[in-house]
Amino acid sequence: MSKALVCSCEDVTVEDVRHALSRGYCDVESVKRYTGFGTGICQGKSCQAAVAALIAKEGPLKPQGIQPFTPRPPVYPTEMSLFASAPVDESRPPVGGVPEELGVFPPALRPTTPLPTKAKVVIIGGGVMGLALAYNLSLRGETDVVVLERGYLCAGASGRNGGGVRMQWGTSANIELAKRSIDLMKQFARDVGINVWLRQGGYLFLAKTPEVARRLERNAELHNKHGVSTRIITADAAREIVPGLTMKGVVTASFNPEDGVIFPWPFLWGYAQHCLKKGIKVETFTHVTGFDISGGQVRKVKTDRGDIACDTVVLAAGAWSPEIARLADVKLPNEPHRHEILSTEPLKPFLGPLVSVLDSGLYFSQSMRGEIVGGMGDPKEPAGLNMGSTLRFVARFSQALIEQLPNVGHVKVLRQWAGCYDVTPDNNPVLGRTPGLDNLLQMSGFVGHGFMMAPAVAERMAAWMATNESDELFQRFDLRRFTTGRLEREDMIIG
């Protein structure tokens, strides 16, 4: 086996790239996520051309399909203290971003093979929700399934999140879903054969105001009723868990040691690889353009590669779901909101839990590679499908992080990016049948917690679809609740 390196920062070899190609990851962005090339200290400056040349030589793409991966600011690694010194006008909303438009994929990446002309189930959205559902349908013997993804795998929110998984929620339904999801994550490597690096270091929530403190205390009692070992702790106890925390302005904290972090990308790959082995079609770079509807049923899904006749359609396109739903004259209450995130140079392990200041939306954890990975919501962020990165975010994040962890001021930010929360009025998902279109099933609106809920939600949805037995989840969170007023608000949202 060749040990020729193409990315010295991340020790990616020629054989690693060839292995990615053999798995079907043929475009530069997909190979980057599969191998990790271009994510080190030089951010691809020394390896991108070599990998692109190798893909052009050995991959199936035409030369015009070999596009450079999306650049991530900052151009050069920059100390967090410098970003923290940048002025921020909190009275004005953020605008633009670099690069602002990330949803356009070159036509050369579109597969040339024909789509199936018919399938029992068509799932729109190849993120973790859609692929987890396809996986669970296959476990029940249903493999006549086509998954449609507009970009590469991990292009949307499933490839852009911080990987946090927690049981600390504000409603019984979400607590139970999260508990089941984490149980399924624990056995994922055994079931699917891919390690998702689940690390249960806990979630440490900090509250700076009496109102948020009361919320933590109330929810901790609810967690305990569901067998979740959340406890309210003092500032000194929090500093013992995370040495170096200042706890500045913090009035109380909650901690559950069984929460944790996983690596998002292989979680998605595991579901996708299993689906492909079972004969499920996972069609990337395929855009849904409309529907053929008659008699209160979706008869066909129209795409830029042809039409697919189907019995059932599942809309699992995350923040893009309202756009797709409009093609069927269905109005969803979801709104996309950009949430930015960054990653630093790797450090020696020092941070066990994911830490979040619930008041501001700040969160940060340490990856298995040693990077600090974190984000922070912006109350002025307007609704919209924007995945550009801003100086405003990295300045606000750096200021908030250094306030709690002053010793990281010298640490360099390597890259930043953004994804979209899929926000509903009550911070809960849209699930179940669509009024007036009985065979169009909804599976969206998970705000920022779809990734951690996907295993449990997909398991129950596949069972509901296969058996047609009643499940209260698909009545509790159906689309009708927004007109009847049956809303149960989730208040443990980070950001």
Side-chain angles (χ1 to χ4, degrees), residues 25 27-34 36 38-39 43-44 69-74 94 97-105 125-132 149-165 196-197 261-269 271-272 284 316-321 334-344 354 356 361-365 367 369 371-378 381 383-390 393-394 397 413-423 444-454 493-495:
Y25 302 99
D27 59 286
V28 175
E29 284 278 5
S30 295
V31 172
K32 174 187 176 184
R33 283 159 175 73
Y34 197 78
T39 61
Q43 290 295 282
F69 60 67
T70 307
R72 305 288 183 203
V98 183
E100 186 169 2
E101 178 55 66
L102 291 170
V104 177
F105 304 103
V128 69
M129 278 292 168
L131 289 170
E149 167 55 45
R150 62 193 293 273
Y152 50 84
L153 295 184
C154 296
S158 297
R160 296 173 179 273
N161 65 85
V165 293
V196 295
W197 305 106
V261 178
I262 68 168
F263 187 16
W265 297 347
F267 200 42
L268 205 70
W269 303 329
Y271 281 133
T284 54
W320 286 264
S321 293
N334 318 26
E335 279 190 341
H337 284 261
R338 172 175 58 180
H339 279 248
E340 299 187 59
I341 189 169
L342 61 73
S343 178
T344 72
L354 184 149
S356 175
L362 172 74
Y363 68 91
F364 56 94
S365 64
S367 74
R369 300 196 305 181
E371 308 142 318
I372 296 175
V373 178
M376 184 177 179
D378 192 326
E381 182 69 49
L385 286 166
N386 184 352
M387 293 194 290
S389 298
T390 64
F393 157 71
V394 74
F397 176 86
V413 176
L414 293 192
R415 61 190 178 277
Q416 60 179 116
W417 63 96
C420 286
Y421 276 22
D422 185 18
V423 182
S444 67
F446 285 89
V447 194
H449 52 277
F451 191 86
M452 65 183 80
M453 298 293 187
I493 300 294
I494 297 179

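Positions are given from 1 along the sequence.
Residue V373 comes nearest to G162 through the heavy atom pair CG1-CA, 4.4 Å, listed as atom of the first residue, atom of the second, then distance. Taking both residues in full, the closest heavy atoms of C420 and A319 are given as CB-CB, 3.7 Å, listed atom of the first, atom of the second, then distance. The two residues T39 and R415 come nearest to each other via the heavy atoms O-NH1, 2.7 Å. Heavy-atom minimum distance, P74 versus L414: CD-O, 3.8 Å. Closest heavy-atom contact between A454 and A132: O-CB, 4.2 Å. Of all heavy-atom pairs spanning N161 and P264, the tightest one is OD1-CG, 3.5 Å.
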Side chain to side chain contact (heavy atoms under 4.5 Å, CB included) assessment of Y363 paired with I341: CA-CA 10 Å; Y363 68 91; I341 189 169; 3.4 Å; yes
Chi angles and distances behind the ring-ring contact (aromatic ring centres under 6.0 Å, His included) call for Y271, F267: CA-CA 7 Å; Y271 281 133; F267 200 42; 5.1 Å; yes
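For the atom pair E371 CD and L342 CG, the distance stands at 10.5 Å (nearest 0.5 Å). A distance of 11.5 Å separates CG of D27 from NZ of K32, quoted to the nearest 0.5 Å. We find the CZ-CH2 distance between R369 and W197 to be 12.0 Å, quoted to the nearest 0.5 Å. For the atom pair CG (L385) and CD (E335), the distance works out to 10.5 Å, reported to the nearest 0.5 Å. Separating the CD atom in E340 from the OG1 atom in T390 is a distance of 3.5 Å, to the nearest 0.5 Å. Between the OG atom of S343 and the CD atom of Q416 there is a distance of 11.0 Å, given to the nearest 0.5 Å.
Residues H449 and I494 are not in side-chain contact: their nearest non-hydrogen atoms beyond the backbone lie 4.5 Å or more apart. In this structure, the side chains of F393 and D378 stay at 4.5 Å or more apart for every pair of heavy atoms. Annotation: side chain of W417 is not in contact with side chain of M387 (no heavy-atom distance under 4.5 Å). Contact of the R33 side chain with the Y25 side chain is not registered, since no non-hydrogen atoms from C-beta on lie closer than 4.5 Å. Considering only heavy atoms from C-beta on, L153 stays 4.5 Å or farther from Y34 through its side chain. For the pair P94/R338, a side-chain contact is recorded, criterion being any heavy-atom separation below 4.5 Å from C-beta on. Looking at heavy atoms from C-beta onward, F446 lies out of side-chain contact with D422 at the 4.5 angstrom threshold. Counting heavy atoms from C-beta outward, C154 and W269 have side chains that approach closer than 4.5 Å.
With hydrogens and angles left out, the side-chain atoms of N334 and S444 include a donor and acceptor closer than 3.5 Å.
Between F105 and Y152, the ring planes are perpendicular. Angles over 60° get that label, and only those under 30° would be called parallel.
No side-chain donor-acceptor contact under 3.5 Å links E29 to the backbone of A155.
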